[in-house]
Amino acid sequence: MRVTLVWAMAESAGQKLAQQLKAIVGNNGWISDPTELAPHLTEWRDRVRGNALLMVSPNTVDQVAAVVRACADAEVVVVAQGGNTGMCAGAVPDESGEQVLLNLGRLNRIRQVDPLDYSMVVEAGCILADVQAEAQRNGRLFPLSLGGEGSCQIGGNVSTNAGGINVLRYGTMRDLVLGLEVVLADGSVWNGLKSLRKDTAGYDLKQLFIGSEGTLGVITAATLKLFPRPGEITSAMLAVRTATDAVRLLAEMRERLPDRIQAFELIGERAMCYVLEHIPATRLPFAQHSPWYVLIDLDLAGGVDQLAGLLEPLSDRGLVADAVVAKNNAEREALWRLRHSISEAERHEGGGIKHDISVPVGALHEFLVCAEQSLARQVPVAIPVVFGHVGDGNLHYNVHLPENVPNADRGGLSAQVTESIYQLVKRMGGSISAEHGIGVLKRDALEQFSDPQDLRLMRAVKKALDPQDILNRGKVI
Ligand code: FAD
Ligand code: MLT
Ligand code: ZN
């Protein structure tokens, strides 16, 4: 009897809040229908499923603030969601059905582009590809680029400190954000939309919110740093024998072409084979397979000829086993399709155990050798599928288990694989999360592999900014 009563009271408090939120966002601003909600309640790989009291999609900052304030008053958790392309289930509410999903997709205006200042102000719900296109229309470059760019949103990119393929030249989101506008946990708005390149007046508050995965504030807009558009980009795929050759190659090319290397991506043979097998209209651009491939984008005045001249001596020294240079845009896109399709191809293989790690660039080879040895010893059936951003020391060291491994054994083996890789990363002074963040999937690992002092400081920041713990509770820490 008592249990029923408590449940009835909780239900009516939830329903009361839902009515309040619907009134704030208006008729087109909310969803409660289970079929329409479903894609918002799971993540890209369907590893985690949640539930929600309601999904609201405000289209003004005032509405976002009012939603957060109402939730704070009701002590109900708010989960911010952008394009929901994140890899760690950070944008998925828990299973209780009591949390409010705050989708930023309708807050999507480009507020201002200032080519003279090399900056633009965009709202959180702008799709990354649209932001790139708007910068381009204004004769400028916004350089963040990643496989999910057709659906991920700027708010999500800021909140995960997204990296992608151009970090080598332009940095991560941390380097690309000049200012932020954020709705805080009490529903007040912090206006930090500056576009200053130099500002030493106190703490750099925007950096607290970058990479905070919706746990410290809801980002509503960002001032982004723009760059001159590069000249013609020359793309090439190189076959190399070892990952060390790839690292050496990068070092030599950086010396010869300072600041001209836009992207330098590594693809392991197994990742390439998955793409060729599962993704339509792809083909290996070489006559023979190779243990490793490198895909590069260069900002070169002399294009194909200059690149050929550059590669010749490297090839003579055995650093490059084979090379193809894209002669036109169609060939360039075909090469990049191979790289950007890896995650999709892995899904066709049942999805791997993801490890988005970084180690010092010079230690990549040692990491690969040790990881392979330790897996062979501890989980001999494990199949590493490796690709990533060499210049950033960031590898996607994913591990697949063969189909014939019984379901009952998969959980235990996966845990063993991850433990072995993260222990190695820790020993080598690396990070267990280089670009995808923590979300829920890596929360225990963060706890296990972080310095206790780091965790203490993180908790202190969380407590200071969100004392009620209503922003994305249960994520990150
Ligand atoms: P979501 O998935 O919706 O959210 C991610 C996190 O941010 C959640 O914790 C959420 O609560 C929070 N959040 C979202 N919006 C806000 C907001 N406005 N305010 C506060 N918190 C918010 N990532 C890389 O870094 N590099 C890559 O190369 C890369 N490649 C990818 C390739 C593919 C094919 C896919 C599917 C994903 C890839 N990702 C990559 C991961 C993903 O695209 C990025 O993490 C992206 O930045 C997430 O943006 P989103 O809008 O989808 O965020
Ligand atoms: C990538 O670099 O392609 C991504 O970060 C996606 C992934 O790890 O699956
Ligand atoms: Zn990546």
Side-chain angles (χ1 to χ4, degrees), residues 147 165 167-168 235-254 261-279 282-298 307 310-326 334-343 345-346 349 352 354-376 382-400 421 424-425 428 430 434:
I165 58 171
V167 172
L168 191 59
S235 301
M237 188 171 275
L238 316 176
V240 297
R241 291 190 183 89
T242 65
T244 305
D245 283 352
V247 172
R248 284 206 195 111
L249 197 60
L250 173 61
E252 297 229 3
M253 289 182 97
R254 286 180 97 169
I261 306 173
Q262 190 103 346
F264 193 99
E265 296 283 304
L266 186 71
I267 306 175
E269 164 67 345
R270 199 169 313 260
M272 179 66 90
C273 288
Y274 284 177
V275 171
L276 298 174
E277 190 180 337
H278 297 296
I279 307 295
T282 53
R283 67 168 195 89
L284 187 73
F286 303 106
Q288 281 178 355
H289 281 257
S290 164
W292 298 98
Y293 307 90
V294 170
L295 180 53
I296 53 177
D297 265 0
L298 299 176
L307 181 57
L310 186 83
L311 290 176
E312 210 174 282
L314 298 170
S315 161
D316 289 346
R317 284 169 43 210
L319 274 183
V320 178
D322 205 349
V324 288
V325 182
L335 292 181
W336 273 102
R337 186 170 161 74
L338 295 169
R339 167 64 183 87
H340 282 317
S341 305
I342 299 174
S343 307
E346 279 195 284
E349 287 285 328
K354 273 188 172 294
H355 307 98
D356 161 40
I357 61 98
S358 61
V359 292
V361 178
L364 277 175
H365 177 73
E366 187 191 342
F367 170 81
L368 285 166
V369 171
C370 293
E372 201 169 321
Q373 282 170 356
S374 118
L375 282 183
I383 307 166
V385 178
V386 186
F387 61 100
H389 317 284
V390 185
D392 318 326
N394 171 200
L395 290 179
H396 298 302
Y397 196 92
N398 300 340
V399 177
H400 289 239
I421 290 166
L424 178 60
V425 165
M428 296 181 72

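In this structure, Arg241 and Gly318 approach most closely via the heavy-atom pair NH1-O, 3.3 Å. In terms of heavy atoms, Ala246 sits closest to Val294 at CB-CG2, 3.8 Å. Minimum interatomic distance between Leu338 and Met237 (heavy atoms only, all atoms of both residues): CD1-CE, 4.0 Å. Of all non-hydrogen atoms in Ala434 and Asn394, the two that sit nearest each other are CB-ND2, 3.3 Å. Across all non-hydrogen atoms, the minimal contact from Leu375 to Ala382 is CD1-CB, 4.3 Å.
Listed by first and then second residue, the salt bridge (Lys or Arg N to Asp or Glu O under 4.0 Å) pairs that reach into residues 261-275 are Glu265-Arg339, sequence neighbours excluded.
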| task | Apply side-chain hydrogen bond (donor to acceptor under 3.5 Å, both in side chains) to the pair His400 and Glu346, showing each step before the final yes or no. | result | CA-CA 9 Å; His400 289 239; Glu346 279 195 284; 2.7 Å; yes
*Could you please spell out the steps behind the side chain to side chain contact (heavy atoms under 4.5 Å, CB included) verdict for Asp245 and Trp292?*
CA-CA 9 Å; Asp245 283 352; Trp292 298 98; over 6 Å; no
ask   = Step by step, would you call Leu298 with Leu307 a side chain to side chain contact (heavy atoms under 4.5 Å, CB included)?
value = CA-CA 9 Å; Leu298 299 176; Leu307 181 57; 3.3 Å; yes
Chi angles and distances behind the side chain to side chain contact (heavy atoms under 4.5 Å, CB included) call for Glu349, Glu277: CA-CA 10 Å; Glu349 287 285 328; Glu277 190 180 337; 4.0 Å; yes
| Stepwise, does the side chain to side chain contact (heavy atoms under 4.5 Å, CB included) test hold for Tyr293 with Val240? | CA-CA 6 Å; Tyr293 307 90; Val240 297; over 6 Å; no
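Below 30°, between 30° and 60°, or above 60°: for His389 and His396 the angle between ring planes is above 60°, a perpendicular geometry.
Tested against Leu335, the residues Thr282, Asp297, Ile296, Val324 include a single side-chain contact (heavy atoms from CB on, under 4.5 Å) partner, Val324.
The closest side-chain heavy-atom distance from Ile383 to Val399 is not below 4.5 Å. By the 4.5 Å heavy-atom criterion applied to side chains, Arg254 and Leu168 are counted as neighbours. In this structure, Leu249 and Val320 have side chains that are in contact, with non-hydrogen atoms separated by less than 4.5 Å. No side-chain heavy atom of Ile357 sits under 4.5 Å from any side-chain heavy atom of Leu424.
Using a 4.0 Å cut-off between a side-chain N of Lys or Arg and a carboxylate O of Asp or Glu, Glu312 and Arg317 do not qualify as a salt bridge.
Considering CD of Gln262 and CD1 of Ile165, their distance stands at 8.0 Å, rounded to 0.5 Å. Interatomic distance, Phe387 CZ to Leu266 CG, rounded to the nearest 0.5 Å: 10.5 Å. Distance check: Ile421 CD1 to His355 NE2 gives 4.0 Å after rounding to the nearest 0.5 Å. The structure places OG of Ser235 at 6.5 Å from CG of Leu295, a figure rounded to the nearest 0.5 Å. Interatomic distance, Asp322 CG to Ser290 OG, rounded to the nearest 0.5 Å: 8.5 Å. The distance from atom CG of Leu284 to atom SG of Cys273, rounded to the nearest 0.5 Å, is 8.0 Å.
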Pairs under 3.5 angstrom only: tabulate donor-acceptor contacts from the side chains of residues 364-372 to other protein residues two or more places apart or in another chain.
{"unit_1": "His365", "atom_1": "ND1", "unit_2": "Thr244", "atom_2": "OG1", "d": "2.6"}

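Side chain of Ser315 to main chain of Leu311: no donor-acceptor pair is present (N/O by atom type, distance under 3.5 Å, no hydrogens or angles).
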